[in-house]
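Protein chains get the first letters and strands the later ones, always in sequence-line order, with residue 1 at the start of each.
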2 protein chains.
Amino acid sequence: MVSQLPPLQAIRVFEAAARHASFTKAAGELGMTQAAVSYQIKLLEERVGAPLFLRKPRQVTLTEAGQRLAPSITEAFGIISEAYAAARTGAEGVLCVTTILTFASNWLARHLGAFQIEHPNLAVRLDTSTRLIDFAREDVDVAIRAGPGNWPGLTKHFLFKADFTPMLSPKLAESIGGLKEPADLLRLPVLDPGDYWWKEWFTAAGLPTDSLESRPRNSLGAQAYEANAAMAGNGVAILTRALFSAELADGRLIQPFDLVAWDGNAYWLVYPEARRNVPKIRAFRDWLLTAVEATLGKPEP
Amino acid sequence: MVSQLPPLQAIRVFEAAARHASFTKAAGELGMTQAAVSYQIKLLEERVGAPLFLRKPRQVTLTEAGQRLAPSITEAFGIISEAYAAARTGAEGVLCVTTILTFASNWLARHLGAFQIEHPNLAVRLDTSTRLIDFAREDVDVAIRAGPGNWPGLTKHFLFKADFTPMLSPKLAESIGGLKEPADLLRLPVLDPGDYWWKEWFTAAGLPTDSLESRPRNSLGAQAYEANAAMAGNGVAILTRALFSAELADGRLIQPFDLVAWDGNAYWLVYPEARRNVPKIRAFRDWLLTAVEATLGKPEP
DNA sequence: CATCATACATAAGGTGGCTTTATCCATCAT
DNA sequence: ATGATGGATAAAGCCACCTTATGTATGATG
C-alpha cells in the first residue's frame, strides 16, 4: 500500500525548512544544529534526485520540485500531529476500570462521583467482569482485584483486607431474640453454606463445622447477592466489613460478633508497572487510595 | 505550526503493523526483524501513553486508541508517499537546460526533436539566458556553456571548439568577384569589427589589424545575429564553424578561407558532479554527446 | 571601503537509537 | 505431546545522525 517512503527524518526537516524558508530557523524549531539540517536536506535531495532548495545569498528558496513537495508534506504532518495529539489526549480522556462487582456496587458506586467532580474531563468506563483480566489482551487501564497480591509485572496498592464475619438483618436477629453467641447462628438459615469462609469463621469461633459443606470457591466478588438476601431477612451471610460499612452504619445489616476471620486475601488496585506515570492512572490511584483511607481508615498491608 | 510530532520511525512501523495486524508481517514489509517492530511499537505506546495493540494469543489487534490513530497515519503516509513519488518522477519528467542563444538556435533547434522522440516522457525546458548560471541558485539541470572549461565541482563534457573564421553570403562574395586572399575581406563591410576574434584571425592570416578597434568582448553566444546579417549580404561575419555547418552546407554562407583561428575556448555540456547519475541528466548527456559527434565528428578536447 | 554579522556548506568525530541475534514464552494445530 | 507460529525481552553491535569546528559568500554598517 504505502509504496516507497522517503527517509522520514529528512522529510520532517525539509518540512520545517520549507516553512521557515531558512535552515537555521528550522534547526531552531527542531532543536538541532544548522549543520544537521543542511545534512538532511542534502540527503533528501539526493533521494529525490533533484535540488529542493535554491541557495541564494542570505536565504534559501524552494525549487519547483520543492514547491510541489512542501505543501503535501505539511498537510501530512498536520494530520499525523493531530491524530497523535488526539490519541494522547484521547487516551487521557477515558479511564477504563475493571472491578469486581461487589466493589463496584458497594464502594465505587457511592464514591466515584467525587472523583468525577475532581476530574471533570476524565470519563470513567466501568467494567464489572468477574474474570481475571490480562492487561496485555484487554483494553483496560486499571483493575481492582481481590487476591493474595502476587502479580508479577503489575503495580499493586493494598486497599483493604478481604476479611469476613457474619451479618444479618436486625429483624432476623430479633426473630430469635437476639444473638448472644456464635452458636446461635445455627438456629438461622445460612446463606451459601458451602462457602469455605463459613468453615473458617466457625473454626475461629471454636464451633464444629459438620453442618457445612465445604466448597472450594468463595464469595469474593459476588457478595452483593448474598448481602441483599441477608438484608431482606432471608438468612445470615458472611461478608467483608469494608464493603458493607454503609449498611452496617445505617442498620440495614448488623454484625452480631466482633470476631472477624481472614484468609489472607485482600482487595488491591492494580495496573501495569510501565504505566504508573500515565496521568489518568496516577490521578485515579491518588484519589482512590485517599478515598479508601478516608472511609475505611489507614490500610494495613 | 506542526506542534508535537511523535517519533516518525515508530509511526511508520505502527502504520505497517496496524495494516497487517501482525508484527511479523510488518517486519517483513519494512525489511527488519520482528524484534525491531516490537521495540518500536512499545516505544510509541510509551509516548502515546496508552497501549495501541492488544496482544491476543496468535495475533495482535488495535486497541481503541490504536484504532483512532491508525487511519490518520495511513492517510498521512499516503499523502507523503504520493508527493514524494511525484517529486521523484516530476523531477524526472522535466529537464531544464540553459544554453547560449547561438547553440540553441543553431544546433539544438535542429536536433532536439530527435531527443524528444527518444524520450517521449521527458519534457525539455530551454532557457537561453546569456549570463553564467550557478546551479546552486538557479533551478536548472544542465547547462551548455562556452569558455575555457575550468569550473570546479562541475562535470563537463567537451562538445566542440569555439573556433572562428570569416563567413559571408555567396552573393556578397560575387559582388567583388570572389575572394582570393584574406586581404580581399578588407574591401567588404566587416560585421562587428570590434570583436577581438577579427584581430586574432587577421593576425593569424598575416594581415595588419590597424583598421579594427579591439574591444574586450567577443561574440560567444550572440553569433546568431551577425550570422543573419551576413546571410542577408550585409557584410562578413566571423563565426564558429560547428554552429553554422548547416548554413555552410546548403550555401547560405560560405567560408572563403581554410584558415580557422582558435583562442582556447570551447563549448561544454556542464552539470553538477553530484547529479551525474540522475537518469534524465544521464539521458541528455548520452544523447547530446552522440548527436554532436554524429554531426560534427569526433570531438578533440 | 574595511569590518562585522548572517546564513549555508563541509569535514571530522562521537554517540545513542535502532537493529539484529538469541532466547523464552504462550498458544494453537497435529 | 510435539512442533509451529507469533510476540516479548535482553544483550550487543553498528551506523545514521548529530555536534563541533571551520570555511565561504554576501549583505550590512560605520
message = I'd like to know whether CZ of Arg47(B) has more than 12 heavy-atom contacts from other residues, nucleotides or ligands below 6.0 angstrom.
response = no
How many Å lie between [atom1] on [X] and [atom2] on [N], as a whole number?
{"X": "Leu44(A)", "N": "dC17(D)", "atom1": "CG", "atom2": "P", "value": "11 Å"}
{"X": "Arg137(A)", "N": "dC28(C)", "atom1": "CZ", "atom2": "C1'", "value": "12 Å"}
{"X": "Ile41(B)", "N": "dG17(C)", "atom1": "CD1", "atom2": "P", "value": "18 Å"}
{"X": "Asp134(A)", "N": "dC25(C)", "atom1": "CG", "atom2": "P", "value": "16 Å"}
{"X": "Arg12(B)", "N": "dT19(C)", "atom1": "CZ", "atom2": "P", "value": "10 Å"}
{"X": "Leu43(B)", "N": "dT19(C)", "atom1": "CG", "atom2": "C1'", "value": "13 Å"}
{"X": "Glu45(A)", "N": "dT10(C)", "atom1": "CD", "atom2": "P", "value": "10 Å"}
{"X": "Met32(A)", "N": "dC8(C)", "atom1": "CE", "atom2": "P", "value": "13 Å"}

When you measure from the side chain of [X], which nucleotide among [options] comes out closest?
{"X": "Arg55(B)", "options": "dT20(C), dA21(D), dA8(D)", "result": "dA8(D)"}
{"X": "Tyr39(B)", "options": "dT19(C), dG7(D), dT19(D)", "result": "dT19(C)"}
{"X": "Thr33(B)", "options": "dG17(C), dC8(C), dT20(C)", "result": "dT20(C)"}
{"X": "Gln34(A)", "options": "dC17(D), dC8(C), dT19(D)", "result": "dC8(C)"}

Using a cut-off of 4.0 Å on non-hydrogen atoms, how would the nucleic acid contact of [X] be classed: base, sugar-phosphate, or nothing?
{"X": "Lys42(A)", "answer": "sugar-phosphate"}
{"X": "Gln40(B)", "answer": "sugar-phosphate"}
{"X": "Gln9(B)", "answer": "sugar-phosphate"}
{"X": "Val37(A)", "answer": "nothing"}
{"X": "Ser38(A)", "answer": "base"}

Query - Note: Lys25(B)-Glu29(B) ion pair, threshold 4.0 Å (strictly below) - result: no
Handout entry: N or O in side chain of Ser22(A) less than 4.0 angstrom from dA7(C) OP1/OP2
Key = no
Handout entry: Polar side-chain atom of Asp141(A) near backbone of Val97(A) as donor-acceptor pair, under 3.5 Å
Key = no
For Ile73(A) and Tyr84(B): C-alpha separation, side-chain torsions, deciding distance, then whether side-chain contact (heavy atoms from CB on, under 4.5 Å) applies. CA-CA 9 Å; Ile73(A) 301 301; Tyr84(B) 178 64; 6.0 Å; no
Please work out which of the three classes, parallel, tilted or perpendicular, describes the rings of Trp287(B) and Phe284(B), given edges at 30° and 60°.
tilted
